[in-house]
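Both backbone and side-chain heavy atoms feed into the values below; hydrogens, waters and symmetry mates do not.
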Protein chains: 2
Amino acid sequence: MNSMIKKTLQGANLKQTKARIAVLSALEESKVPMDASEIHKQIQKSNSDVDLATIYRILEKFEASGIAHRVNLNKDRFHYELLSLPHHHHVVCKVCGKVQDIQDCDLSTVEQSVKENLGFAIQNHRLEFFGFCKNCS
Amino acid sequence: MNSMIKKTLQGANLKQTKARIAVLSALEESKVPMDASEIHKQIQKSNSDVDLATIYRILEKFEASGIAHRVNLNKDRFHYELLSLPHHHHVVCKVCGKVQDIQDCDLSTVEQSVKENLGFAIQNHRLEFFGFCKNCS
DNA sequence: TTAGTATATGCAAGTCATTTGCATTTGTCA
DNA sequence: TGACAAATGCAAATGACTTGCATATACTAA
């Protein structure tokens, strides 16, 4: 088994179960954030199966452990992606729904002013762009 | 009746109904994005009533007409706010849930690179900060 | 390696935001 | 004012997500 997966679970003090390994693998293979049902289907493609309820419970654990986090793509379900990915954001096509990553994000000026003006301690942020991808333009 | 509301509906080619006026008023008075149920309660406080299903249908229309838009605060429901507000973003406290506005947002550098590298035509973006507000720090 | 125990899982049922069908009401325009 | 498309209320449906509970499984200590 992928030793990266093993380490990730051990590091988070989580038992290595078939279900968790399956969810982690699915997220790892994916280039874009996945929702619970997509993860479910992906696992079934690998000739395995994990109950949807279990997937939700696992995602909750993963988020609490800092393994993954919920990203909000303005759709009617939540999506999840691994936190081991370098910090980045998403570009979502309004036509085909395609999601792409972007790496740049210099928000230091904005963050500075939030801190000074509101006394707000920023922990993290979410930045998404919506528009039309190359193909749909 | 508030003539601003009248103009807004006329401008969008929407019939001026009691329900739409109520929803628009609620959104206008609010300093922060509201979800459907909050709008519902706010309307009832004004001794009026509009069915929740109708509120959802109105919000959909408002979004399609560019009167309001959905903002995603990473909560389990969608929130709506008027688009007539100057462009801004939100700061959400992870402890008390308080939402505040910020006006600054210079993303021109980031946007430029998205355009050049991905050929993606940006229509709008969403930027939210999460952390601890002054009181909860 | 094995028994013991806390934890994880599957299944079924529940919850809750949001949507939809349909009969009725209402705004608008001629 | 009358006609008609569009909007609304109500009730029922949908679909994502959660929860209760009995069973299965991973890990630990001997």
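- One atom, NZ of A:Lys15, and another, P of C:dA6, lie 10 Å apart when rounded to the nearest Å.
- Counting only heavy atoms from C-beta outward, the side chains of A:Glu28 and A:Leu82 approach each other to under 4.5 Å.
- A donor-acceptor contact closer than 3.5 angstrom links the side chains of A:Glu116 and A:Gln112.
- Between the CG atom of A:Leu73 and the C1' atom of D:dA16 there is a distance of 16 Å, rounded to whole Å.
- If you measure from atom CD1 of A:Ile55 to atom P of C:dG10, you get 9 Å, rounded to the nearest angstrom.
- B:Asp49 comes within 4.0 angstrom of the backbone, heavy atoms only, and of no base.
- A 6.0 Å sphere centred on CD of B:Gln44 holds more than 12 heavy atoms belonging to other residues, nucleotides or ligands.
- Residue A:Leu52 is classed as having no contact, given no heavy-atom separation below 4.0 Å to the nucleic acid.
- In this structure, CG of A:Leu59 is placed 13 Å from C1' of D:dT18, rounded to the nearest angstrom.
- Listed for the A:Lys18 side chain is a donor-acceptor partner under 3.5 Å among the backbone atoms of A:Asp49.
- In this structure, the CD1 atom of B:Ile58 is 15 Å from the C1' atom of C:dT19, given to the nearest Å.
- By the 4.5 Å heavy-atom criterion applied to side chains, B:His69 and B:Phe62 are not counted as neighbours.
- Of the residues in residues 27-41 of chain A, not one places a heavy atom less than 4.0 Å from an atom of DNA chain C.
- Axis deviation across the helix from C:dT1-D:dA30 to C:dA30-D:dT1 amounts to 40°, comparing end segments of five pairs, rounded to 10 degrees.
- Between A:Leu83 and A:Ile67 the shortest side-chain heavy-atom distance does not fall below 4.5 Å.
- Checking D:dG9, D:dA5, D:dT8 against the side-chain heavy atoms of B:Val50 singles out D:dG9 as nearest.
- In the set D:dA26, D:dA7, C:dG10, the nucleotide with an atom closest to the side chain of A:Thr17 is D:dA26.
- Regarding B:Lys61, its NZ atom lies at a distance of 13 Å from the C1' atom of D:dT8, rounded to whole Å.
- The CD1 atom of A:Ile5 sits 4.5 Å away from atom CG of A:Leu24, with the distance rounded to the nearest 0.5 Å.
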Table of protein N/O atoms under 3.5 Å from nucleotides 12-17 of chain C N/O atoms:
residue : atom : partner : partner atom : Å
C:dA17  : OP1  : B:Arg77 : NH2          : 3.2

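- For C:dG10, the OP1/OP2 oxygens have a side-chain nitrogen or oxygen of A:Thr54 closer than 4.0 Å.
- Proximity of A:Asp101 to A:Lys31: side-chain heavy atoms (C-beta onward) are nowhere separated by under 4.5 Å.
- The nearest heavy atom of DNA chain C to A:Arg20 and to B:Arg70 marks one nucleotide each, and the one closer to the 5' end goes with A:Arg20.
- Across the protein-nucleic acid pair, B:Phe62 atom CZ and D:dT8 atom C1' stand 14 Å apart, rounded to whole Å.
- Distance check, rounded to the nearest 0.5 Å: CG of A:Leu9 to CD of A:Gln16 gives 5.5 Å.
- Taking the side chain as every heavy atom from C-beta outward, B:Arg77 and B:Ser37 approach each other to under 4.5 Å.
- Side-chain atoms of A:Asp51 and A:Ile55, non-hydrogen and from C-beta on, never get closer than 4.5 Å to each other.
- For the pair A:Ser30 (side chain) and A:Ala26 (backbone), a donor-acceptor distance under 3.5 Å is absent.
- Atom pair B:Gln16:CD and C:dC29:P shows a separation of 10 Å (rounding to whole Å applied).
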